[in-house]
Structures are given as C-alpha cells and as structure tokens.
Protein chains: 2
Amino acid sequence: MNKVLPVMESCSSCPIRHRAVCARCDEDELEQLNQIKFYKTYTAGQTIAMRGDALDVVASVVAGTATLERAIEDGRTQLVGLLLPSDFIGRPGRDTLQYDVTAVTDVTLCCFQRKPFESLLIRIPHVQERLLEMALDELDAARDWMLLLGRKTAREKIASFLMLIAKRTVHPDGQVLGDLSRIELPISREAMANFLGLTIETVSRQFTGLRKDGVIELDGNRSVRIPDLETLLLESGDDSDGGPLI
Amino acid sequence: MNKVLPVMESCSSCPIRHRAVCARCDEDELEQLNQIKFYKTYTAGQTIAMRGDALDVVASVVAGTATLERAIEDGRTQLVGLLLPSDFIGRPGRDTLQYDVTAVTDVTLCCFQRKPFESLLIRIPHVQERLLEMALDELDAARDWMLLLGRKTAREKIASFLMLIAKRTVHPDGQVLGDLSRIELPISREAMANFLGLTIETVSRQFTGLRKDGVIELDGNRSVRIPDLETLLLESGDDSDGGPLI
DNA sequence: CTCTCGCATTGACACAGATCAACGGAGGGT
DNA sequence: ACCCTCCGTTGATCTGTGTCAATGCGAGAG
C-alpha cells in the first residue's frame, strides 16, 4: 500500500481536488473541508456498499479500482460505472444508493459525512456548481456507453474499452502516468464482460482476435501493449474526427 | 395545436415548474424567470439541434416528444434520451451539445437564453440544487437503461419500454393523465429499435409475440392496451419487489 | 516440488436476433 | 377513384454471440 501514499498526500491538501472540485477553494474553505474528511480502505473483493443502503457518506477514490453495478435476480449483471482514482461516489441530496459498489482491487477512499458536506455546499456554492458539472460529465459518459451497449460489435466494444482505459491512464493533473502504449487492465475478464454486455468467452475470443491481427500485444492477462493507438481507435468504431486522441 | 394550450398556461406561471424546479420559488423569483423566457415550436421530424451546435439556450419540453440521439458515421444510431413534456434540454455550464435533438411530433419548448439563466442561478441557489437533482435522476435513468441494453432480451426490452411509457403517462403534478392500461406510443418502430438496441423487424416480432400471449392488445400501431400491468412488469425482467408499480 | 484453485483460453454447437426480401395497409395528393 | 409513399408486418435464412464443456496456466499453500 506504500505506493498510494503520494496520492493521499495530494489528497490531504484538498480532499477532492482530483477532479478539481476545489480548484477555486481558498485556504479557509479547504480547511473546512479537511475538518470533516476521513480515509477508509477496503480490500480487493470487498463490498463497499449495496443497493438500497443508506448513503451517509460521499467519497472520492484515492487509490484502487471499484465498480458500480446493477443486477437482476437471475444473476445477470451490468457494470454501470468504473470508479478509478479521482472519481466521486455518492451524491448530495440522495439518501439511498441505487447500485452495488465493490472494490475490485484494494481501495482507499477519502470520505465525508454527507450531512456536514451538504451544509458546507450551501456555504461554498462553487463546489455545488462543480458537482453539477461532474454529474453532467458522468451523464455524457453513461450515454456514450449506451451507444456502445446498444450498437457496437463485440470487437468494437473491446477496442472502445481499451481506449477508455488508455485515456484514463493519466494523472488527474493532466500528466500522463506512464507510456500510453502499455496499459494495465484494472478489472478481470468477468468484470469486462459485465461492463460491455458480453460473456467472458466472447471477451477472451476478441482479445485473441485483436492480438492475432496485431492490434494489441498481451503480456500476461492484465497488461496490454498497443503498438498503434490510431489503429485501436479505428477498431473502436468511434468517430475519428475532432480533437486529439487523448 | 389547441390542446397544448392548457399546459402552456401552467407553464406560464412558472416556466419550468414541470419538474418542480421552481417549487420553492417566491413571486419575485418567478417574475425574474418569466422575464427571460420565450416559447419556440417545432414541427414533427424537424431537427431541434445537432451535435456540436453551440448551445445558447436551455429549455423545458411543454408539449410533444423529442429524442436525443447519438450516431456513428455508418448509420448506426442509439437513442440516448426520450424527451417528454416536463423534461429539460441543455445544461448550464455547457456550451456545446453532445447529441442530436429531433422533434418526433410537433414540439413546444419553453426556452431561456443560457447566459441570463446562469446568472439567475447564482441569485437563486435552490434552483441550482434542483438542477443537480434532475441531472442525478437522468444519470440513474441512463444507468438503468445500460442494464437493459447490455443484459435484457428483446422481449424484456419491449416490455420495459412499455412500462416506461406507462409510468410517464402521468401529469407532472402526479395526477394520472388517462387510463394507465391504455397507452399511446410516442415514437415509431424505428425510434423504438434505436432506443432499445434492436432492429425494427425484431421490435415488430416482439410486439406480435406479446400480443399473441395476451400480455398486450394493439389498437392500430400507436395505441397499446395493457390488460394487466403486473404481467407486463414480470415480462420486463425488472425486480418486482419494493414500491408501488407507478 | 506438487497440488489445488481461480481465472483465462479454446472448441463445438445452439440460438436469439440480424439481414434480406416480399407483402400489406393507412393516409395523402392529384 | 387511383397511385404513391411510408411504415409496419411477416417469412426465410444467416451469423455473431451465447452456452456448454474441456483444457491451460499462474499463484499460493503445503
């Protein structure tokens, strides 16, 4: 757990700075936020919260990966969100959770009791504004995912997922963490299947297909090298126009 | 267009009351909102806005149905939102649109110039709060739809869609508009297919299937009678536990 | 070192839904 | 009345992905 410390360090100066919630906070406001924050850690596989639970905290992911999922009784499961460092969990103004939250690796959360956090929002309106912006970003992401789930082929789904992970392999402050052409998959084949609306077998087959076609190279199960990001983008079925790749 | 007037009437007292944005507005605040609002109408089939357009207004649907959709170049299209009366279009803080907005029937919008609306938000913070709440509602809806797109069968998708329309066949103030067991489909088979991630042929076949099994009765193409809502819910694959049907 | 256990891969086959194609029926213009 | 067009339905067939089953493989325990 040592390697997460630097991130926690940065977190301690402003608890949810990762997504620039507090970009405009002054010293006094930061101090107020710091007073109500605390850290909590979970081990891989542990349930963080379940659907229907009372939601008395909001939190931001400091380290590790968690999933947000929705299931039907017969076992079918859909991953509706992938929570990577800097992502936000829980909502002011909501008192129950709609989804199951699970730690897929060891996870460190920076938490706030919801009630004090909400009162703070009233005093610091630009944080409220920022929360709306974050919610709208998530809404856009969810809608893009709807296009993927409803209209893309298995191969395009895998390519899109790899692009997503590549894009997220950057530090919150904008710096690229490592070589983009080598990414570490944060989740298992099963979680990917549930994220993409596929089965593990199909996920596996598509990985082999992309490997045989030279689009990706596999190094173990969790490490993927991407010789050419542009080729992968082409495979993802997304519009290639407009804007830089990352 | 005569029949929409009553709704516009109610809208004129508070422009976006439909989703209770202004539930807590006092007379003065309502007056401020009324000063910057105006109405705009579109005819069936007309494009309201396209992806990438500058977004200089926000609006609420007063009458009619519009769709929010995302497409890839090869023609594949996914409907990412269905806009019924009381729904909100456009976002404060965003200046371009991410999706195509199309009127599928004649549509009346109650619009606000975005900039004045945003300045108003600063002066009326509880409206900002309400916007966050609305965004989170939409996020939940989008995530539920992800489960449908990724994991449900064609029959379940159709049943879920019918349940959604049945649920929305209520007046914003909570009163049921008509008999819930008879619903009018607001969109064509093609739009349904794009909403559910299916083809028109499959949509058609599932309708016939549900009709033959006595789950629904069809009266023309756009009118559906539901003898037993509970049966339909069962077909939709949703958890039947918890809460009233509507 | 070997045994196990959990995850991933691969193969054979089945099937839901897509695709291709023909037909029907309502509405609107002339 | 007629035709024409658009939309929906139905049928025949194809195919991508799911299902079932066997095998591989790395990590941790003993």
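In the text below, chain A, chain B and the rest are named by the order of the sequence lines, each starting its count at 1.
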Peer 1: Specify the closest pair of heavy atoms between Ala142(A) and Leu139(B), including all atoms of both residues, with the distance to one decimal.
Peer 2: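 Nearest pair, atom of Ala142(A) first, then Leu139(B): CB-CD1, 4.2 Å.
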
Peer 1: To the nearest 0.5 Å, how far apart are CD1 in Ile183(A) and CG in Leu229(A)?
Peer 2: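 Ile183(A) atom CD1 to Leu229(A) atom CG measures 8.5 Å (nearest 0.5 Å).
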
Peer 1: So Thr105(B) and Val107(B), do their side chains get closer than 4.5 Å, heavy atoms only?
Peer 2: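 They are in side-chain contact.
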
Peer 1: To the closest 0.5 Å, what do you measure between OH (Tyr99(A)) and CG (Asp140(B))?
Peer 2: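 Going from OH on Tyr99(A) over to CG on Asp140(B), the span is 4.0 Å.
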
Peer 1: Rounded to the nearest angstrom, tell me the gap between atom CG in Leu218(B) and atom C1' in dT9(D).
Peer 2: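 After rounding, the reported distance stands at 11 Å.
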
Peer 1: Might you list the N or O atoms of the protein lying below 3.5 Å from N or O atoms in nucleotides 24-29 of chain D, with each pair's distance?
Peer 2:
none

Peer 1: Would you kindly give the CD-to-P distance between Glu190(A) and dT19(D), to the nearest whole Å?
Peer 2: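 It is 13 Å, rounded to the nearest whole Å.
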
Peer 1: Quick check on contacts: within residues 193-214 of chain A, what sits under 4.0 Å from DNA chain D by heavy-atom distance?
Peer 2: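 Correct list: Gly197(A), Leu198(A), Thr199(A), Glu201(A), Thr202(A), Arg205(A).
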
Peer 1: Looking at residues at least two apart in the chain, or sitting in another chain, which of them share a side chain to side chain contact (heavy atoms under 4.5 Å, CB included) with Arg189(B)?
Peer 2: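 For Arg189(B), the residues satisfying side chain to side chain contact (heavy atoms under 4.5 Å, CB included) (neighbours in sequence not counted) are Leu185(B), Met192(B), Ile200(B), Val203(B), Phe207(B), Asn221(B).
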
Peer 1: Does Gln98(B), at its CD atom, have more than 12 non-hydrogen atoms belonging to other residues, nucleotides or ligands within less than 6.0 Å?
Peer 2: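 Yes, the 6.0 Å shell around CD holds more than 12 heavy atoms from other groups.
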
Peer 1: Run the numbers on Arg151(A) and Asn194(B) for side-chain contact (heavy atoms from CB on, under 4.5 Å), then give the verdict.
Peer 2: CA-CA 9 Å; Arg151(A) 291 299 183 208; Asn194(B) 287 334; 3.0 Å; yes

Peer 1: Rounded to the nearest 0.5 Å, what's the gap from CE on Met146(B) to CG on Leu149(A)? Could you check?
Peer 2: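 Atom-to-atom, Met146(B):CE and Leu149(A):CG are 5.5 Å apart.
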
Peer 1: Parallel under 30°, tilted from 30 to 60°, perpendicular over 60°: which one fits the rings of Phe161(A) and Phe195(A)?
Peer 2: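 Because their plane-to-plane angle is over 60°, the rings of Phe161(A) and Phe195(A) count as perpendicular.
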
Peer 1: On DNA chain C, which is the earliest and which the latest nucleotide, 5' to 3', with an atom closer than 4.0 Å to a heavy atom of chain A?
Peer 2: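 The contact span of chain A on DNA chain C goes from dA8(C) to dA12(C).
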
Peer 1: What do you reckon, is CD of Glu184(B) surrounded by more than 12 foreign heavy atoms closer than 6.0 Å?
Peer 2: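 Enclosed.
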
Peer 1: Going by salt bridge (Lys or Arg N to Asp or Glu O under 4.0 Å), name the residues that satisfy it together with Asp144(B), two or more places apart in sequence or in a different chain.
Peer 2: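 Result, salt bridge (Lys or Arg N to Asp or Glu O under 4.0 Å) vs Asp144(B): Arg70(A).
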
Peer 1: Please round to the nearest 0.5 Å and tell me the distance separating atom CG of Leu82(B) and atom OG1 of Thr67(B).
Peer 2: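 Those atoms lie 7.5 Å apart.
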
Peer 1: When rounded to the nearest 0.5 angstrom, what distance separates CG in Leu83(B) from OG1 in Thr65(B)?
Peer 2: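 So the CG of Leu83(B) and the OG1 of Thr65(B) are separated by 9.0 Å.
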
Peer 1: Take the C1' atoms of the five end pairs on each side of the helix from dC1(C)-dG30(D) to dT30(C)-dA1(D), get both axes, and report the angle to 10 degrees.
Peer 2: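 So the angle between the two local helix axes works out to 30°.
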
Peer 1: Send over the distance from Leu149(A) CG to dT17(D) P, rounded to a whole Å.
Peer 2: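 Interatomic distance, CG of Leu149(A) to P of dT17(D): 13 Å.
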
Peer 1: Rounded to the Å, how far apart are Leu148(A) CG and dT17(D) P?
Peer 2: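 For the pair Leu148(A) CG and dT17(D) P, the rounded distance is 12 Å.
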
